[in-house]
Amino acid sequence: MKTVLQTNFNGIDGLSIEDTAKPTLTDNGVLVKMAVMPVSPTDWKLESDAHATNEDLATLPRVIGIQGAGTVIAVGKNRDQALLNRRVLVVNPAGVYQEVVLSENPDWLYPLAANVSNADAAALSAGTSWTLKQAIDHSHADNIVITSANSVIGLTLLQMLADEHRPIYPIVTEASKTYFASQMPHLTAYTNADLPTLTGTTIVLDIVGKLDLLTDLAARLNQPEIVSIVLMQAPTLANFKFVHDEFNADHYRYFLQTLADGKLTAIINKIFPIDQTKEAQHFAKETHSRGRVLVGFTA
């Protein structure tokens, strides 16, 4: 079966697609025939730097990716037999960029509603958006500023803030204003330069990780609370905190249910075939964020 492997730290172009053995079904496992997987910044960072994250994901060789959607094709005797032939979202830290994945943890497998497509499920950025939403909920700030608000995480977060009563100020580049307006027509986006003077206190949710941008915002805002999912340290910024999403099965269930209920829309840009995984990663890394980039197996 086709498997996308990282075998070195030579970057995206160091990936290889190899023929590997199909995993063996275990009593506690299910086999999932994969359909589609998201391109993840974690992958392309790890492909060039063994210390890119604090997670133990850099032992080589490794199958890339940690989540994707597909169909259950075999069920072990200790698992729910009703899973057979069900479409599912599977989370698998051992990798998902392969034709068949063995999943042995029931908390990492989520059956999909009929109206939730494989692509929509795979495009979820559940953990990070939830972590940022919790930071906002726990803050007493008067204003909310979100950098890189046109990103998938930013747009997902904004959908989650539909009932937020405090004013929200999305920060985007000039080149992304039109795209943002097409996705969030009820909100006004600002560049850093045209952000108005804000009164009261502010929480800044940092999705882009540009220290110069945060430094400029900190100088113009009233002692802002800055929460970043990108920068782990910022010694020059007061009241700065790095947050990292932690896996929570309930968060995945919540997001999948909101997709099924029509309360959340998955934002997808382009789907590449598995043989173009390198091109997909380059595209996601090197172009403006216009939705999630996915990689899929053909039927």
Side-chain angles (χ1 to χ4, degrees), residues 1-7 15-40 42-43 46-47 55-127 246-257 259-260 266 271-277 280 292 294-299:
M1 66 175 185
K2 285 184 178 180
T3 300
V4 181
L5 290 173
Q6 177 189 351
T7 60
L15 292 175
S16 63
I17 300 177
E18 302 183 15
D19 187 25
T20 62
K22 178 181 173 181
T24 301
L25 180 66
T26 62
D27 290 347
N28 296 318
V30 300
L31 295 181
V32 181
K33 182 175 176 58
M34 299 305 296
V36 64
M37 302 79 61
V39 172
S40 169
T42 297
D43 279 324
L46 283 171
E47 287 154 15
E55 301 169 5
D56 184 22
L57 294 175
T59 301
L60 302 184
R62 74 176 186 96
V63 181
I64 69 170
I66 62 170
Q67 76 177 44
T71 302
V72 175
I73 57 172
V75 182
K77 67 179 184 180
N78 295 335
R79 297 291 292 273
D80 181 3
Q81 298 301 305
L83 288 169
L84 186 63
N85 298 322
R86 288 292 305 273
R87 290 185 308 108
V88 296
L89 174 69
V90 59
V91 176
N92 189 46
V96 294
Y97 270 64
Q98 54 191 46
E99 288 185 73
V100 178
V101 166
L102 172 65
S103 173
E104 296 185 290
N105 188 333
D107 283 337
W108 291 353
L109 195 76
Y110 311 94
L112 302 180
N115 64 337
V116 175
S117 71
N118 288 337
D120 284 352
L124 281 179
S125 54
E246 296 182 1
F247 175 81
N248 186 307
D250 288 338
H251 295 171
Y252 277 85
R253 295 186 185 101
Y254 166 82
F255 273 86
L256 288 172
Q257 188 60 54
L259 278 174
I271 303 176
F272 287 79
I274 191 71
D275 291 335
Q276 295 180 18
T277 296
R292 201 74 186 260
L294 306 175
V295 171
F297 286 100
T298 56

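Counting begins at 1 with the first residue of the sequence. What you see below is based on every heavy atom in this structure, not just the backbone, and it leaves out hydrogens, waters and symmetry mates.
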Nearest-0.5 Å distance, NZ of residue Lys77 to CG of residue Leu25: 11.0 Å
Apply side-chain contact (heavy atoms from CB on, under 4.5 Å) to Tyr97 and Ile64, showing your working. CA-CA 6 Å; Tyr97 270 64; Ile64 69 170; 3.4 Å; yes
Is there a donor-acceptor pair closer than 3.5 Å between any side-chain N or O of Gln67 and the backbone N or O of Leu124? yes
State, yes or no, whether a side-chain contact exists between Val295 and Val39 at a heavy-atom distance under 4.5 Å. yes
Nearest-0.5 Å distance, CG of residue Leu112 to CG of residue Leu259: 9.0 Å
Gap between atom OG1 of Thr26 and atom CD of Glu104 - 0.5 Å precision: 3.5 Å
Do Tyr110 and Val88 come close enough that some side-chain heavy atom pair is under 4.5 Å? no
Close side-chain approach of Leu31 to Val101, heavy-atom, < 4.5 Å: no
Could you tell me the separation between the NZ atom of Lys2 and the CD atom of Gln98, rounded to the nearest 0.5 Å? 14.0 Å
What pair of heavy atoms forms the shortest contact from Ile271 to Gly296, and how long is it? CG2-N, 4.1 Å
Atom of Pro111, atom of Leu83 and distance for their closest heavy-atom approach: CG-CD2, 4.0 Å
Decide whether Asp27 and Asn78 meet the rule of one side-chain donor and one side-chain acceptor closer than 3.5 Å. no
Side-chain contact test, heavy atoms from C-beta onward, threshold under 4.5 Å: evaluate it for Tyr252 versus Leu89 and give yes or no. yes
May I ask you to say whether Arg292 pairs ionically with Asp120, meaning some side-chain N is under 4.0 Å from a carboxylate O? no
Closest heavy-atom contact between Ala121 and Leu256? CB-CD2, 4.0 Å
Checking side-chain contact (heavy atoms from CB on, under 4.5 Å) for the pair Asp19/Thr3: CA distance, chi angles, key distance, verdict? CA-CA 6 Å; Asp19 187 25; Thr3 300; over 6 Å; no
Closest heavy-atom pair, Leu46 versus Gln6, reported as atoms and distance to 0.1 Å, is O-NE2, 2.9 Å
Check for a donor-acceptor pair, side chain of Asn92 on one end and backbone N or O of Ile66 on the other, with a separation under 3.5 Å. no
Say you draw a straight line from CG of Leu60 to CD of Glu47; how long is it, rounded to the nearest 0.5 Å? 10.0 Å
Show the nearest heavy-atom pair for residues Met34 and Val96, with the distance to one decimal. CG-O, 3.7 Å
Less than 4.5 Å apart, side chain to side chain, heavy atoms only: is that true for Val32 and Leu102? no
Taking C-beta and beyond as the side chain, do Val90 and Ser103 meet within less than 4.5 Å on heavy atoms? yes
Step-by-step side-chain contact (heavy atoms from CB on, under 4.5 Å) determination, Val36 to Phe297: CA-CA 6 Å; Val36 64; Phe297 286 100; over 6 Å; no
Backbone N/O of Ala69 and side chain of Arg87: donor-acceptor pair under 3.5 Å: no
Look at the side chain of Glu99 and the backbone N and O of Thr20, then say whether any donor-acceptor pair between them is shorter than 3.5 Å. no
Expected output: side-chain Ser16 to main-chain Glu18 donor-acceptor under 3.5 Å: no
Salt bridge check: are Arg253 and Asp107 linked by an N-O gap of less than 4.0 Å? yes
Do you know the tightest heavy-atom contact between Pro38 and Gly68? CD-CA, 4.4 Å
Using a 4.5 Å cut-off on heavy atoms from C-beta on, say whether the side chain of Pro23 contacts that of Val100. yes
Kindly indicate whether the side chain of Leu109, heavy atoms from C-beta on, has any atom under 4.5 Å from the side chain of Val30. yes
Roughly how far, to the nearest 0.5 Å, is CD1 of Ile274 from CE of Met37? 4.0 Å
